[in-house]
Amino acid sequence: MANTIQEMLGATPSQQPIQYMETVDAYNKWAEVYDTDGNFLQGLDTIEMRSLLPFFLAKVTNAQQPVRIIDLGCGTGRNTVPLLSMTSSDTKIIGLDASPGMLEVARGALDRARNGDSDSRITLGILDLRQSPPVPPECALDAAGVISTLVLEHIPLKEFFDGASAVLRAGGLLLVTNMHSDMGMISQAGFVDVASGTKIRPTSYCHRPGDVVDAAEKAGFQVEGFEEGEKIRERMVDEGLVEVLGKRARKWVGIKVWFAICFRKKA
């Protein structure tokens with residue numbers, strides 16, 4: 001198994017106490033502030049998904065039959081809920097996550113988005129991608145498309161692609177975004193527990209984009225690419241992005257922090 005970022009970086013000086021936690025436990029605690037703690041990488045991902053989701057959906061929903069779309073590691077529903085307004089009424093949307101705490105927040109967001117409507121197109125459920133083999137709920141099988149944003153950092157590559165393959169039909173699309181390895185060589189995901197002031201960090205892995213492509217190909221995927229032959233989309237923080245994402249992004253100026261790859265599962 002790949003070394004975690006914690007093992008790679010070793011003990012590093014810090015001005016505040018740090019506690020490393022099992023990933024699901026950490027995200028159960030993070031759920032309370034995940035959407036409000038000013039995570040600049042999440043903000044950048046949200047901006048990028050404004051163009052990536054329409055691109056993805058145009059390819060997935062091009063068929064003449066109803067489709068099923070999965071948000072793999074859906075968290076608080078940041079991308080799951082917008083799918084309601086971006087897809088047709090016969091599209092089924094399934095949000096899967098290993099953290100009950102994150103799913104509870106997602107349910108609240110979904111209820112607000114429905115505004116009292118009985119729309120049942122979205123189903124939320126538990127799936128732990130670290131299980132081998134993965135055991136997805138029956139409602140999540142044979143999906144035409146899967147999105148997974150800022151999740152891969154916490155999963156070894158083989159387990160991640162085994163999980164994606166388990167829910168995706170042959171010929172289906174998989175859109176992945178993740179923290180860039182240039183950022184992972186320096187830091188990792190985490191948040192400050194308001195009650196204790198402790199920095200909480202879940203288990204994280206530093207995945208290079210090229211290694212992600214190699215692991216995907218071994219699992220039966222091929223790179224689909226984006227417009228104009230772009231195979232891997234990478235983003236580096238500049239001063240313009242700092243103005244948009246806030247002061248927490250300033251320390252990352254000149255560093256690649258995010259990437260996206262679109263795959264197709266081979267027939």
Side-chain angles (χ1 to χ4, degrees), residues 1-9 22-24 27 41 45 48-49 52 55-56 59-60 69-75 79 96-99 127-136 140-189 201-226 229-235 255-267:
M1 179 178 291
N3 289 335
T4 65
I5 291 179
Q6 178 187 358
E7 293 168 332
M8 182 179 66
L9 295 179
E22 191 273 338
T23 300
V24 172
Y27 272 90
L41 192 60
D45 191 76
E48 293 292 336
M49 289 300 286
L52 288 178
F55 162 83
F56 171 81
K59 286 181 170 288
V60 169
I69 296 173
I70 292 175
D71 188 354
L72 191 59
C74 65
N79 291 307
L96 302 175
D97 204 278
S99 164
L127 176 61
D128 190 341
L129 289 170
R130 299 164 306 167
Q131 287 185 324
S132 184
V135 186
L141 301 176
D142 197 38
V146 173
I147 64 172
S148 187
T149 61
L150 303 184
V151 173
L152 185 59
E153 172 188 346
H154 303 297
I155 314 293
L157 292 174
K158 183 182 185 304
E159 281 83 348
F160 176 84
F161 284 107
D162 283 349
S165 183
V167 298
L168 190 62
R169 68 175 59 160
L173 287 186
L174 168 63
L175 175 61
V176 177
T177 74
N178 196 51
M179 177 187 70
H180 200 284
S181 52
D182 287 3
M183 183 178 180
M185 294 291 290
I186 303 170
S187 186
Q188 67 178 99
R201 295 197 184 279
T203 301
S204 293
Y205 301 90
C206 182
H207 297 313
R208 295 180 297 180
D211 292 339
V212 174
V213 171
D214 290 344
E217 290 178 345
K218 290 178 182 177
F221 292 86
Q222 62 188 31
V223 175
E224 177 76 6
F226 303 106
E230 181 185 28
K231 292 187 176 181
I232 301 175
R233 181 169 297 181
E234 300 174 307
R235 290 292 180 260
I255 297 174
K256 292 178 182 177
V257 298
W258 176 96
F259 71 90
I261 310 174
C262 188
F263 298 99
R264 187 177 295 277
K265 183 178 177 180
K266 298 176 184 177

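Below, each value reflects all heavy atoms present in this structure, side chains not excepted, and no hydrogens, waters or symmetry copies. Index from 1, following the sequence. What you are looking at is a predicted structure, and each value in this text was computed from that prediction instead of being measured.
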### Query
Atom NZ of Lys231 and atom SG of Cys262: how far apart are they, to the nearest 0.5 Å?
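Lys231 NZ to Cys262 SG: 13.5 Å, rounded to 0.5 Å.
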### Task
Kindly compute the distance separating CG (Leu168) from CG (Leu141), expressed to the nearest 0.5 Å.
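The CG atom of Leu141 is 11.0 Å from CG of Leu168, to the nearest 0.5 Å.
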### Message
Hydrogens and angles aside, do Ser132 and Glu159 bring a side-chain donor and acceptor to less than 3.5 Å of each other?
### Response
no
### Query
Under 6.0 Å from the NZ atom of Lys266, do we count more than 12 heavy atoms belonging to anything else shown?
yes
### Query
Taking the inter-plane angle between the rings of Phe263 and Phe221 on a 0 to 90° scale, is it parallel (under 30°), tilted (30 to 60°) or perpendicular (over 60°)?
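Plane angle over 60°, so perpendicular.
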### Message
Taking the side chain as everything from C-beta on, heavy atoms only, tell me whether Glu48 gets closer than 4.5 Å to Thr177.
### Response
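With C-beta onward as the side chain, the pair stays apart.
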### Message
Within the 4.5 Å heavy-atom criterion, are Leu52 and Ile147 side-chain neighbours or not?
### Response
no
Restricting to non-hydrogen atoms, name the atom on [X] and the atom on [Y] that form the minimum distance, rounded to 0.1 Å.
{"X": "Lys256", "Y": "His180", "result": "O-CB, 3.5 Å"}
{"X": "Val167", "Y": "Pro136", "result": "CG1-CB, 3.5 Å"}
{"X": "Glu153", "Y": "Asn178", "result": "N-OD1, 2.8 Å"}
{"X": "Asp45", "Y": "Thr149", "result": "OD2-CB, 3.4 Å"}

### Query
Are the aromatic rings of Tyr27 and His154 close, with centres under 6.0 Å apart?
yes
